[in-house]
Protein chains: 2
Amino acid sequence: MSNEQALEQYDVKKYRTPDGYTSDIAIFTIISTHTEAFKPPSMDLKIMLIQRSMVDSEGRPNIEAGKWALPGGFVDPNETAFQSAIRELREETGVDHIHLEHFGVYDKPGRDPRGWIISNAHYAIVPEHQLAGRQANDDASAVELFSVKDVLELDLAFDHEGIIKDAISIIQQKLLSTTVAREFLPEHFTYSELQAVLLTVTNDSAIASDASFARKIKSLPFIQEISGQKTTRTSKKPTQLYRFVDAEVNNTIYHAKK
Amino acid sequence: MSNEQALEQYDVKKYRTPDGYTSDIAIFTIISTHTEAFKPPSMDLKIMLIQRSMVDSEGRPNIEAGKWALPGGFVDPNETAFQSAIRELREETGVDHIHLEHFGVYDKPGRDPRGWIISNAHYAIVPEHQLAGRQANDDASAVELFSVKDVLELDLAFDHEGIIKDAISIIQQKLLSTTVAREFLPEHFTYSELQAVLLTVTNDSAIASDASFARKIKSLPFIQEISGQKTTRTSKKPTQLYRFVDAEVNNTIYHAKK
DNA sequence: TAAATAGTGTCTGTCAGACAGTATTAG
DNA sequence: CTAATACTGTCTGACAGACACTATTTA
């Protein structure tokens, strides 16, 4: 029996269907603070939020007006939520080709006053300089970066407080358990630059200690020394540069790392 | 400005909306093979699939009839996809209170011939004995367990081949990087029983070697020896029993485990 | 020369994993 | 006693992390 026959008799209206399908994006960046010559960076993990306009593009009062929210929007019928997130990120901030990952579905009844609306949440990692040209568009009256330390004190739209909480804990965990830290760094980086990224989410002594971390970076299987390449951007003494290489990282709790 | 005003003017039909919202469940179980007295178990990781009926409950030809598929169904408007998965698992297999976790969204246009249908995929871990009473219901003409080794050779419905692939790699990874292995085991277990579970997804020497693993289990922070409790179900020599305890497991690639 | 960052030398303790040997019990 | 599983004894090498010390450069 063919699907064609079955489809002819299929009633697409048999089940009640959602009123909307959206995509939200937690855009993370790391801002270097205290940038001076010959100093290693000190970094702060930030998340980008928009402030919802008081009126929508057609001049009518907006839902959750004035509150801070994750950027996002409705998924088109010819794309996946993931593609929609890529598109919205491009429209919203003008950045492209960056690390984007799905991390959760938010579909609790009542989460959106407009109806049964399902949202897929993603996180994106955008290097600091790429957010330079960001600006508010139709839907948003402001775009701003907030340190993850105090973003939860804002008045947040919908159920975005929960989504943001989840996003922060995901990125903190991913930074230490995967190599996403590379997305925050230039292609070639020093041990102290990687260290600064990791210190935004941990204060483990093995990472915080210069001597330990400088030694450790040489034994990490997914990081490679670039022989002969040095920089003086972080210190007066020329510093070795490293790069990430693709190497599978096995991460089991039942035995030591290799 | 209040949300009430904004909602009055909101047009829920402004965006095209999905034609359906479903939940799929990859139900895993581990079957002990070669069960004999005084022998440690040998285990095989299985996934439960249903075979789609030729006709639906109203006697009409069914979509993807005859093919094997993940159990699942449409999400009700008053529940989340996760709750729906719990409900369907109960209806489908009669099991409740088991480990269930979301692992992916499948929303590629065209994935379902019936229209724009979004599916949330979950995996569930069900102890062997709980699946005893399983049976085919309306929608399914058969229910069967397949070894993950050969399940991908079946004729699978919709995009379930991709979902099942993802599910298998997720559970393999989770078994080694989290404590979900406990869900496959009785409350009290021997080192060789845990070992058998882990050997379904790895052949690492540190786990495969009896002597190494028997020693290692004592130093795992999330496993506790039950002092004085022994069993002879796996050997003639009475064997120490262990239990899982809740302990956070930090899993970073940048430094050794504790 | 002082100050600051980037390392290296070295020691200590821990621990993984290999291998061999011992312990316990049913039949 | 044998066979099978469950351990324990012991050794080796690696390695993490601490701490002190050295190296390199600018101002």
Side-chain angles (χ1 to χ4, degrees), chain A residues 32 34-43 176 188-196 198-199 202-221 223 225-242 250 252-258, chain B residues 32 34-43 176 188-196 198-199 202-221 223 225-242 250 252-258:
Chain A
S32 295
H34 316 112
T35 312
E36 292 172 56
F38 308 118
K39 286 273 183 189
S42 170
M43 298 184 170
L176 298 174
H188 299 166
F189 53 89
T190 68
Y191 87 92
S192 60
E193 288 168 335
L194 172 56
Q195 186 185 33
L198 300 179
L199 286 177
T202 184
N203 50 15
D204 186 284
S205 71
I207 288 175
S209 149
D210 289 336
S212 288
F213 196 71
R215 175 163 288 142
K216 179 188 301 282
I217 198 171
K218 295 198 204 101
S219 67
L220 297 174
I223 291 181
E225 190 173 310
I226 311 171
S227 72
Q229 291 256 39
K230 308 224 173 197
T231 181
T232 55
R233 67 175 176 254
T234 62
S235 90
K236 295 168 182 171
K237 174 173 177 183
T239 307
Q240 181 60 50
L241 286 169
Y242 297 87
N250 70 331
T252 97
I253 59 177
Y254 291 103
H255 63 294
K257 63 183 192 323
K258 250 225 292 289
Chain B
S32 296
H34 316 112
T35 314
E36 291 172 55
F38 309 117
K39 286 273 183 191
S42 170
M43 298 184 170
L176 296 174
H188 299 166
F189 54 90
T190 69
Y191 85 94
S192 59
E193 289 168 335
L194 173 57
Q195 187 185 32
L198 300 179
L199 286 178
T202 185
N203 50 15
D204 185 284
S205 71
I207 288 175
S209 149
D210 289 338
S212 288
F213 196 71
R215 173 163 288 141
K216 180 188 300 285
I217 197 172
K218 295 197 204 103
S219 67
L220 297 174
I223 291 183
E225 190 173 312
I226 312 171
S227 73
Q229 292 256 39
K230 308 223 172 196
T231 181
T232 55
R233 68 175 174 252
T234 61
S235 90
K236 295 168 181 170
K237 173 174 176 183
T239 307
Q240 181 60 51
L241 287 169
Y242 297 87
N250 71 329
T252 99
I253 60 178
Y254 291 102
H255 62 296
K257 64 182 191 324
K258 249 223 299 287

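Below, chains carry the letters A, B, ... as their sequence lines are ordered, and counting in each starts from 1.
- Contact of the A:D210 side chain with the A:Q195 side chain is registered, since non-hydrogen atoms from C-beta on lie closer than 4.5 Å.
- Put simply, the side chain of B:K216 does not reach to within 4.5 Å of the side chain of B:I223, judged on heavy atoms.
- Atom-to-atom, CD of A:Q240 to P of D:dT24 comes out at 14 Å; the value is rounded to the nearest Å.
- Panel note: side chain A:T239, backbone A:K237; a donor-acceptor pair is recorded below 3.5 Å.
- What separates CZ of A:R215 from P of D:dA20 is a distance of 15 Å, to the nearest Å.
- Note on A:T190: nothing from the nucleic acid sits closer than 4.0 angstrom, heavy atoms only.
- As a whole-Å value, the separation of B:R233 CZ from D:dA4 C1' is 18 Å.
- As a whole-Å value, the separation of B:K236 NZ from D:dT2 P is 14 Å.
- In this structure the side chain of A:Y254 reaches within 4.5 angstrom of the side chain of B:L194, judged on heavy atoms.
- Atom C1' of nucleotide D:dT5 and atom CZ of B:F213 are separated by 16 Å, given to the nearest angstrom.
- Remark: P of C:dG7 and CD of A:Q195 are 11 Å apart, rounded to the nearest angstrom.
- Looking at heavy atoms from C-beta onward, B:K218 lies out of side-chain contact with B:Y191 at the 4.5 angstrom threshold.
- Taken from CD1 in B:I217 to OG1 in B:T190, the straight-line distance is 7.5 Å, to the nearest 0.5 Å.
- We find that CG of A:L220 is positioned 12 Å from C1' of D:dA16, with the value rounded to whole Å.
- The two atoms that bring A:E193 and A:H188 nearest to each other are OE1-O, 4.3 Å, heavy atoms only.
- Inter-residue side-chain proximity for A:L198 and A:F213 is flagged as met; some heavy-atom pair is nearer than 4.5 Å.
- A:T232 comes within contact range of no nucleotide atom at all, as no heavy-atom separation falls under 4.0 Å.
- With the nearest nucleotide of DNA chain D identified for both A:A211 and A:P238, A:A211 has the one nearer the 5' end.
- With C:dA26, C:dT5, D:dC7 as the candidates, the nucleotide lying closest to the side chain of B:F38 is C:dA26.
- Considering only side-chain atoms of B:P40, the nucleotide from C:dA20, C:dA26, D:dA6 that sits closest is D:dA6.
- Distance B:D210 CG to C:dT24 P: 18 Å, rounded to the nearest Å.
- For the helix from C:dT1-D:dA27 to C:dG27-D:dC1, the end axes, each set by the C1' atoms of five terminal pairs, are bent relative to each other by 0° (nearest 10°).
- Here D:dA23 is the nucleotide among D:dA23, C:dT8, D:dT5 with the atom lying nearest to any side-chain atom of A:K237.
- Looking at heavy-atom distances under 4.0 Å, B:K218 makes contact with sugar-phosphate atoms alone, never a base.
- Proximity note for B:T239 (side chain, C-beta onward) versus D:dA18, D:dA6, C:dG17: the nearest is D:dA6.
- Checking the phosphate oxygens (OP1, OP2) of C:dA6, a side-chain nitrogen or oxygen of A:T234 falls inside 4.0 Å.
- A close approach under 4.0 Å does not occur between any side-chain nitrogen or oxygen of A:Y191 and OP1 or OP2 of C:dG7.
- A sub-4.0 Å separation between OP1 or OP2 of D:dA18 and a side-chain N or O of A:S205 is present.
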